[in-house]
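Each chain gets a letter, A, B and so on, in the order the sequences are listed, and its residues count up from 1. In what follows, every heavy atom counts, from backbone to side chain, and hydrogens, waters and symmetry copies are set aside. As the structure is a computational prediction, the values presented were derived from the model and not from experiment.
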Amino acid sequence: MPRPAEPTDRAVLEFLAWRCDRLQTLFQFALAGLILLSAALNIFLYKQMRLVRIQIPSHRDAAIRYAMEFNRRDDATIRSFVMRLEQFAAANPDFRPILDQYRTALSAYFVPGAQKAAPFQAAPFQPPAGTNK
Amino acid sequence: MKSETVSALLVLLLFVSALVAVWLSVRWFFSVKEMQELQFQQARISNTRAAAQALANDTMQYGRRNPAIEPILAEFNLRAPTNQAPAATTPK
């Protein structure tokens with residue numbers, strides 16, 4: 001049985017050059033695929049960014065209007081209402097539990113330390129889950 | 001040689017594309033953050049209004065038991081409920 005001929009150095013080099021070319025082509029295709037993927041990602045990000053940025057001015061205007069209206073009309077009213085109710089609760093301890101329910105939600109409007117000064121100690125208010133800051 | 005130039009060009013293109021993606025991501029992140037802050041601000045005001053409204057309603061209910069609170073209710077244009085359901089008015 002005849003033995004297969006040993007590959008010459010030239011044949012080995014040609015084979016390696018062919019493999020190198022193949023690898024380079026594969027690398028270029030992989031790069032092209034990544035570029036396509038990156039371009040798709042860029043298009044997605046651009047559209048999302050535009051979508052949000054288009055909405056921001058109207059939202060900002062609405063938020064400013066809303067806040068200004070609240071500060072101009074409701075804020076002072078709520079503050080004086082809570083203050084009057086605190087004064088009332090100091091003289092009428094049975095009203096304090098009702099007022100204490102809103103101590104967390106309206107904390108900005110309650111006078112600090114008013115609860116301690118009151119003669120009646122209400123049961124500690126349990127805030128709803130997720131409202132603690 | 002030509003193949004190497006194409007590879008280098010592709011790598012450069014990918015790098016530029018990645019930079020653009022980072023820039024767009026950062027801008028998107030800050031836009032969404034600003035939007036969330038605006039929504040949070042509105043939600044906080046709404047919650048305060050709702051809490052004040054609920055306090056007013058509870059105070060009106062309390063007014064049925066203790067008429068001593070009537071002057072305060074009158075001062076803020078709130079009326080203690082009669083037999084009907086409590087009125088849903090904000091303190092003015």
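- In this structure, CD1 on A:I78 lies 10.5 Å from CZ on B:F76, to the nearest 0.5 angstrom.
- Of the atoms belonging to B:V11, heavy atoms from both backbone and side chain fall under 4.5 Å from chain A.
- The backbone N or O of B:S3 lies less than 3.5 Å from a partner atom in the side chain of A:Q28, making a donor-acceptor pair.
- A:F29 meets the side chain to side chain contact (heavy atoms under 4.5 Å, CB included) test with A:T25; sequence neighbours excluded.
- For A:L41, the part lying near chain B is the side chain, with the backbone staying farther off; criterion is any non-hydrogen pair under 4.5 Å.
- With a 4.5 Å cut-off on non-hydrogen atoms, B:Q39 touches chain A through its side chain but not through its backbone.
- Residue contact with chain A, scored on non-hydrogen atoms closer than 4.5 Å, involves the side chain of B:Q41 exclusively.
- Heavy atoms of B:A18 lying under 4.5 Å from chain A belong exclusively to its backbone.
- With hydrogens and angles disregarded, a donor-acceptor distance shorter than 3.5 Å links the side chain of B:S25 to the backbone of B:A21.
- Your options are A:L45, A:L31, A:N42, A:V52, and the one with the most heavy-atom pairs under 4.5 Å with chain B is A:N42.
- Contacts of B:A50 with chain A are absent, with no heavy-atom separation under 4.5 Å from either backbone or side chain.
- Residues in residues 46-56 of chain A take part in these side chain to side chain donor-acceptor pair (under 3.5 Å) pairs, two or more places apart or across chains: A:R53-B:S31.
- Proximity to chain B is limited to the side chain of A:F27, based on heavy atoms less than 4.5 angstrom apart.
- Taking 4.0 Å as the cut-off between side-chain N and carboxylate O, A:R65 and A:D61 do not count as a salt-bridged pair.
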